[in-house]
Amino acid sequence: MQKYAKILESVRTTSPLVHQITNYVTVNDCANITLCIGASPVMSHAPEDVIDMTRIASALVLNIGTLDPKQIEGMLVAGRVAADRNIPIILDPVGAGATPYRTKTAEMLIDELPITVIKGNAGEIGTLAGTAATVRGVDSGSVSGDKKMITQELAKQLGCIVVMSGAEDIICSGNRTLGVANGVPLMGRLSGTGCMAAAVTGAFAAAASDTLHGCAAAMAALGIAGEKAAKIARGPGSFKPAFLDAVASLTPEDLEASAKIIEY
Amino acid sequence: MQKYAKILESVRTTSPLVHQITNYVTVNDCANITLCIGASPVMSHAPEDVIDMTRIASALVLNIGTLDPKQIEGMLVAGRVAADRNIPIILDPVGAGATPYRTKTAEMLIDELPITVIKGNAGEIGTLAGTAATVRGVDSGSVSGDKKMITQELAKQLGCIVVMSGAEDIICSGNRTLGVANGVPLMGRLSGTGCMAAAVTGAFAAAASDTLHGCAAAMAALGIAGEKAAKIARGPGSFKPAFLDAVASLTPEDLEASAKIIEY
Amino acid sequence: MQKYAKILESVRTTSPLVHQITNYVTVNDCANITLCIGASPVMSHAPEDVIDMTRIASALVLNIGTLDPKQIEGMLVAGRVAADRNIPIILDPVGAGATPYRTKTAEMLIDELPITVIKGNAGEIGTLAGTAATVRGVDSGSVSGDKKMITQELAKQLGCIVVMSGAEDIICSGNRTLGVANGVPLMGRLSGTGCMAAAVTGAFAAAASDTLHGCAAAMAALGIAGEKAAKIARGPGSFKPAFLDAVASLTPEDLEASAKIIEY
């Protein structure tokens, strides 16, 4: 697990600037968790601003949780700068499968931009993979069929890394597959843990030499922090500050000792 | 109080999807409280997305806390789908009476859509009822005259349920009136408790066979949770996580034991 | 320190309405801290709404953290009403220096409106002063040269009060300079403490007869609250509720006893 621990160390040392174009529901949590993990968040969505912001960023996170046409324009403009600069682009296709607008926008972003990592729940990843998936609102949804196979197939088809979050997170780059078994059910009862995972994945993708390992380290880091926080939380409300505290105090040694990363 | 307790049970069992078009100030709290009460939140405002989102929702909540023309368009489009599908529409007329734009938008939404429940503070409900009301910003405001009569008259005039929040919440459907005496003053010192009440009312209206009872159960549930949270909070900051925890752990038995609902 | 304590007393007595056109990242924290300090927040950005809202406000806060053209239009419209009514206008130039759009917008607002107070970090203030400054995203940035001189020069040049936040906050009105040495490093690890400082400065500027003293009292009040909160916080996550609690329970006596305000 030492290689994963080193990526956290690198996040802390380099403090990558993570430019996030994201939804207005969980944006504060995304900013705070980015700071807590040791990176630097910046939120900016207007086409007038995003070109220059992406120029100084080390990763770009696109989250379609509360889409509108202006924001999509900002995502495309920022994404092209990120592509030119060869910095990782993380896509969180929130609600893909719930409405055609969300599904089509996710697909359009995948077509237009060289997405580095797609991170979604089972329903969202299943939808993008063309599998029979159930997505209700932005809930975790479900998918029929083998999760590992669906994730692998989508990764191969798109030539990017796909992260399907769940009790065990599945992380595939086409020919390589990792599983991360950290985390607690309480994380699913707090709005925004998925969005926060995408933000932190941006930081780790910026800091890691191997992006697949970066994605696994990010999911393990959050899962371990969640496990710690669940021990002192009295419910979803007190879980949030405890989770942020746990992320802020997480050390590379903690990650090395507690990460449950399976290399398939 | 058993019939009210059964509605909470039904919220938990059916987990209704509550589509919320709301302000960007308290939207995270609305998402989290919807999850904590046992329902499922989804936020979406763009006209391009809301038709399909309202099609899968069990209730629609319209909150005018940070209005702009695009959002109003989204509210109208979503409201028409909700009307067609006969799902409850909750209107929170935040700041009606503070500015003409807010007052007129609330009135326009009432004219154009078959609103099921209007939930506001004394100043907002007084403004919509045409009574002499004082509204300063989005504060609780005040109204001159008998609160019960004003609420009853507005309910009769509009043919919908009106909830006037306050130390005692007044809930009228024209010919029936309920009062809810749960709650603590600390709830007024935290931004967003009113917005959260509208979100939770959406969940209860979706789950209840009798919407008036659903509204009372929603206000009682939050009031009881507030009472519990106030016992451990050190101020408005620590009240928020404690309040969310209390909502998440609230049982139908708690509601049955502690609800102070008066049937006038 | 008694004169500073009296301004807090006056905020609590008069509860000024602080109209805030601000970013969607930290807007909830700004609303809650405004309530906690004893003032009344209202957020509204649409040109259709801001004229009437600023008409009833006691201060206007403009924060460019997540700009777009519509919001800038709202800022200008609101700013002109504030100018006509002679209420204080606080500008928080978030990210000036990070992108040309932010720098130009801050400069344009300064040109078009009679800004009362500009509050920014070292990098932002340095950028506006034309000094060699480093701004990365919305981080604290840095500036080369003497912070006091840079702040004084910008204040003289613009004829307004300039607050440069930092370990010691520097507050200048051209011929007068104050320093505030309250605060803790943990405040820099939570997203939004700078935005919250601008919100609270709006409340104090509305309540103070001497705006320079008002700015110092605002920064000292938050710094003292931060010191208290840091004693019980386990990290940035639990610091937020503790900080809000400490602001809500801060008394004029606390401010008088603990303020570290240097009159240069």
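This structure is a prediction, so every number in the text was calculated from the model and none was measured. Here is how names work: the chains are called A, B, and so on, in the same order as the sequence lines, proteins then strands, and each is numbered from 1.
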* Asked: How close do C:Leu35 and B:Leu190 get, heavy atom to heavy atom, and via which atoms?
  ->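 That closest heavy-atom pairing would be CD1-C, 4.0 Å.
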
Other residues, nucleotides and ligands only: do more than 12 of their heavy atoms fall within 6.0 Å of [atom1] on [X]?
{"X": "B:Lys228", "atom1": "NZ", "value": "yes"}
{"X": "B:Asp111", "atom1": "CG", "value": "yes"}
{"X": "B:Arg234", "atom1": "CZ", "value": "no"}

* **side-chain contact (heavy atoms from CB on, under 4.5 Å) between C:Asn28 and B:Lys240, intermediate numbers included** => CA-CA 12 Å; C:Asn28 185 265; B:Lys240 179 150 75 175; 3.0 Å; yes

* **Basic-acidic side-chain contact under 4.0 Å: B:Arg102, C:Asp49** =>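 Between C:Asp49 and B:Arg102 there is a salt bridge, with a charged N closer than 4.0 Å to a carboxylate O.
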
* Do B:Asp68 and C:Lys70 come within less than 4.5 Å of each other through their side chains, counting heavy atoms only? ->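 Sidechains of C:Lys70 and B:Asp68: no contact.
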
* To do: Working to the nearest 0.5 Å, report the span between OG1 of B:Thr66 and CE of C:Met43.
  =>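 It is 10.0 Å, given to the nearest 0.5 Å.
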
* To do: Any chance you could measure B:Thr99, atom OG1, to C:Ile51, atom CD1, to the nearest 0.5 Å?
  =>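 Result: 11.0 Å between the selected atoms.
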
* Asked: So which of C:Thr26, C:Asp52, C:Ile33 has the largest heavy-atom pair count under 4.5 angstrom toward chain B?
  ->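 Highest number of pairs under 4.5 Å: C:Asp52.
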
* Asked: For C:Ser249, is it the side chain, the backbone, both, or neither that has a heavy atom closer than 4.5 Å to a heavy atom of chain B?
  ->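 Neither part.
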
* To do: Under 4.5 Å heavy-atom distance to chain B, tell me which part of C:Ile232 shows up: side chain, backbone, both or neither.
  =>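 C:Ile232 touches chain B through side-chain heavy atoms alone.
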
* With a 4.5 angstrom heavy-atom cut-off, which part of B:Leu67 approaches chain C: side chain, backbone, both or neither? ->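 Contact with chain C involves the backbone of B:Leu67 alone.
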
* Please look at B:Asp29 and chain C and tell me whether the side chain, the backbone, both or neither of the residue comes under 4.5 angstrom of a heavy atom of that chain. =>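 Contact with chain C is through the side chain of B:Asp29 alone.
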
* Asked: For the side chain of C:Asn32 and the backbone of B:Ser191, is there at least one donor-acceptor N/O pair under 3.5 Å apart?
  ->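 Judged by distance alone, yes, a pair lies under 3.5 Å.
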
* Asked: How far apart are the C-alpha atoms of B:Tyr24 and C:Val27, what are their side-chain angles, what is the distance that settles it, and do they pass the side-chain contact (heavy atoms from CB on, under 4.5 Å) test?
  -> CA-CA 8 Å; B:Tyr24 51 78; C:Val27 59; 4.0 Å; yes

* Asked: Between B:Gly192, B:Pro236, B:Ala233, which residue shows the highest count of heavy-atom pairs closer than 4.5 Å to chain C?
  ->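 Greatest number of close heavy-atom pairs with chain C: B:Pro236.
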
